[in-house]
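Below you'll find the structure, written out as structure tokens, and then a few comments.
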2 protein chains.
Amino acid sequence: MNEEINHFAGDNDPDRMLQKKKYRTPDGVPADIVMFTLTKRERKTVTKTLPIRELKVMLIKRKSWPFAGKWALPGGFCQENESIYDAAKRELMEETGVDGGHLEYLGVYSRPGRDPRGWIISHAFFALVEEWMLEHRQATDDAEEVGLFTIEEALYKLELGFDHRTIIEDAYRRIQEQMLQTTIARQFLPRHFTLSELYQVIQSVVPDFEEPNFIRKITSTRSRKGIIEEVRDEEGNPLSSNQYSQRPAQLYRFTDLRPRLSIYT
Amino acid sequence: MNEEINHFAGDNDPDRMLQKKKYRTPDGVPADIVMFTLTKRERKTVTKTLPIRELKVMLIKRKSWPFAGKWALPGGFCQENESIYDAAKRELMEETGVDGGHLEYLGVYSRPGRDPRGWIISHAFFALVEEWMLEHRQATDDAEEVGLFTIEEALYKLELGFDHRTIIEDAYRRIQEQMLQTTIARQFLPRHFTLSELYQVIQSVVPDFEEPNFIRKITSTRSRKGIIEEVRDEEGNPLSSNQYSQRPAQLYRFTDLRPRLSIYT
DNA sequence: GTAATAGTGTCTGTTAGACATTATCGA
DNA sequence: TCGATAATGTCTAACAGACACTATTAC
């Protein structure tokens, strides 16, 4: 607490303060974004089937010092007239050309020496975007190379700049947690979806999620059925889709309900 | 991304960079700590009974500009040679004189104009400390007034400086979430505790947690009994305590197990 | 028909939730 | 003895988990 009191050396005039600082201040506060997307790839089979989905992370290849030639997270410096979240939103907009999507704060990375340019405190976010949103950038901005990588590639095969490997690890842990504890799965699904699609989305983010009775459980237990609901047309007939299967499957959508989880209940 | 590239204007020498920055940088990056404690008050009854527990938050009364005379969270500025977490730990140590305790990152507060001293980006933490740890400060540091308040007092009765009301709201939400989803209850309990004590601790942080069959549920269901275990002596006899009741109650301790929660399972 | 995915029937053992009952000890 | 808290008994309905079975469509 004493630091705070003395930091500005008793000067009570905010306008003159900036010239009188006694302590070193950070050299920059960027927002870095771990952009996740779920790629869809058609399977070449005879009959209808679900596309293969795979979780990917978007990285850029740096052109200048530091870490030139290495892969890193997209990011940009925060400015005085915006919050860190604003900076992240702006950055996301610049990368995708789209305003929407899920953007969530991940944490702060401030280990001394993490950035050779000086005292740079980075704020990490993760975003869930659709695959087509990333094509925007590849088309409009040819200054830097853009790549989509699986988590394994990003973590174990690529040389990453800064402490971005740590950030991606943390982001991966967090998206897995959120996938099971919230309804962010909706970000990777159309508004109406089948339960197989939902199950597949969950599994592509959390590979060891296995629930043999998934459909039964989510539709027939009082405590869980609330988070999704059947889609019906104007007359109240259930809507179904046979886009991915011979037999049509019931369509569902997420409700606004969010159950409260507890280890004790 | 372009910001990042241009930020240092192509200068590749880190030593000279600080003099050549073209953009304004933050004026300070403090760590503010929401210190929670659970006070224990003996009940004056004839027979043995559990003490009354109440969640409190520790605030200090500011002596100087800005917000002189208002209550605020304890905090201190982060220095160049430490991480934000280090700064928070240092601050916690200064306030309590103790090194341990639970300290967890809460988030960043960076709304422009939030601090009249300039561009100040605050990082909030929350800590769980024992009541006696706060007496240290009251004894050794008489420069500023220290107070322990209930959440209701802090949020609705006090005039708080900065955006600290928002921070306390967020911290309260978070500690409630963590109380139900993790085993942070252990921070407020002795190493060995009775199930009534555990139940009471949970309830004092999450008042609307009600589980009439709490004891039954936590001891007899396979999925939940793993997080705690009975305490036994060397011969394997169960240990119990009649500190708070006539009939002795079985003592338990937390295990290291942490169940994975999911809205789908 | 066959293949492929959607969805239900059925069975057993476990859990939830409510309420009554017994246990242990101090005063 | 009574009073207070700890812990178990008991009963019904709901749920979990496994596996077999039926349903709907494309080809």
Side-chain angles (χ1 to χ4, degrees), chain A residues 42-53 192-201 203 209-232 237-252 259-265, chain B residues 42-53 192-201 203 209-232 237-252 259-265:
Chain A
E42 299 296 327
R43 245 183 303 201
K44 299 173 196 46
T45 52
V46 197
T47 55
K48 298 181 182 177
T49 182
L50 280 171
I52 295 172
R53 289 180 214 245
H192 300 165
F193 52 86
T194 68
L195 294 183
S196 305
E197 274 186 290
L198 171 57
Y199 186 56
Q200 192 206 23
V201 165
Q203 279 205 318
F209 178 81
E210 276 187 37
E211 213 48 63
N213 263 336
F214 184 72
I215 294 185
R216 159 79 44 100
K217 230 157 150 176
I218 204 165
T219 56
S220 76
T221 63
R222 233 179 4 191
S223 56
R224 271 180 280 280
K225 67 188 334 176
I227 61 177
I228 55 168
E229 65 187 4
E230 295 179 359
V231 181
R232 295 168 180 281
N237 306 111
L239 281 178
S240 56
S241 153
N242 64 346
Q243 187 179 5
Y244 301 124
S245 60
Q246 315 281 42
R247 171 171 172 177
Q250 175 64 45
L251 289 172
Y252 287 84
R260 179 210 248 178
L261 295 171
S262 160
I263 61 174
Y264 300 113
T265 298
Chain B
E42 299 296 327
R43 245 184 303 201
K44 300 170 195 52
T45 52
V46 197
T47 53
K48 298 180 182 177
T49 183
L50 281 172
I52 295 173
R53 287 178 215 246
H192 299 165
F193 52 86
T194 67
L195 293 183
S196 306
E197 274 187 291
L198 171 58
Y199 185 56
Q200 194 207 21
V201 166
Q203 278 204 317
F209 178 82
E210 277 188 37
E211 211 50 63
N213 262 334
F214 183 72
I215 294 185
R216 160 78 43 99
K217 230 157 150 177
I218 205 164
T219 55
S220 76
T221 63
R222 232 178 4 191
S223 55
R224 271 180 281 279
K225 68 189 333 176
I227 61 177
I228 56 167
E229 64 186 6
E230 296 178 359
V231 181
R232 295 168 179 280
N237 306 112
L239 281 178
S240 56
S241 153
N242 64 348
Q243 186 178 5
Y244 301 124
S245 60
Q246 314 282 40
R247 172 169 172 178
Q250 175 64 46
L251 289 172
Y252 288 84
R260 179 210 250 178
L261 296 170
S262 159
I263 61 175
Y264 300 112
T265 299

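In what follows, every heavy atom counts, from backbone to side chain, and hydrogens, waters and symmetry copies are set aside. Residue numbers start from 1 in every chain, and the chains themselves are labelled A, B, ... in the order their sequence lines are given, proteins ahead of strands.
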dist A:Glu211:CD -> A:Arg216:CZ (nearest 0.5 Å) comes out at 12.5 Å
When rounded to whole Å, the CD1 to P distance for the pair A:Ile215 and D:dG17 reads 16 Å
When rounded to whole Å, the CD to C1' distance for the pair A:Glu197 and C:dT5 reads 13 Å
Exercise. Between A:Thr221 and D:dA14, does any side-chain N or O lie under 4.0 Å from OP1 or OP2?
Worked result: no
note: A:Leu239, atom CG; C:dA6, atom P; distance rounded to Å ~ 17 Å
So CZ of A:Arg43 and CG of A:Leu50: to nearest 0.5 Å the spacing works out to 6.5 Å
Distance col, row B:Phe193:CZ vs B:Ile228:CD1, nearest 0.5 angstrom, shows 5.5 Å
Practice task
Classify the side chain of B:Arg216 and the base of D:dT10 as holding, or not holding, a donor-acceptor pair under 3.5 Å.
Solution key: yes
Within the 4.0 Å heavy-atom criterion, would you say A:Thr49 contacts the bases, only the backbone, or no part of the nucleic acid?
sugar-phosphate
note: B:Asn213, atom CG; D:dA14, atom P; distance rounded to Å ~ 17 Å
dist A:Arg260:CZ -> B:Leu261:CG (nearest 0.5 Å) comes out at 12.5 Å
For A:Thr194, answer base if it contacts any base atom (sugar-phosphate contacts may also be present), sugar-phosphate if it contacts only those atoms, and nothing otherwise; contact means non-hydrogen atoms under 4.0 Å.
nothing
Atom NZ of B:Lys217 and atom P of D:dA7 are separated, to the nearest Å, by 18 Å
Whole-Å distance, A:Lys48 NZ to C:dA6 P, equals 12 Å
In whole angstroms, the gap separating P of C:dA6 from CZ of A:Phe214 amounts to 12 Å
Walking DNA chain D from its 5' end, the first of B:Thr265 and B:Ser196 to be reached, judged by nearest nucleotide, is B:Ser196
Within residues 241-250 of chain B, the residues having a heavy atom closer than 4.0 Å to DNA chain D are B:Ser245, B:Gln246, B:Arg247, B:Pro248, B:Ala249, B:Gln250
Interatomic distance, OG@B:Ser240 vs NE2@B:His192, rounded to 0.5 Å, equals 12.5 Å
Closest non-hydrogen atoms of B:Phe214 and B:Leu195, given as atom of the first, atom of the second and distance, are CE2-O, 3.8 Å
When rounded to whole Å, the OH to P distance for the pair B:Tyr264 and D:dG17 reads 18 Å
Taking every heavy atom of A:Thr265 against every heavy atom of B:Lys217, the minimum-distance pair comes out as C-CE, 3.9 Å
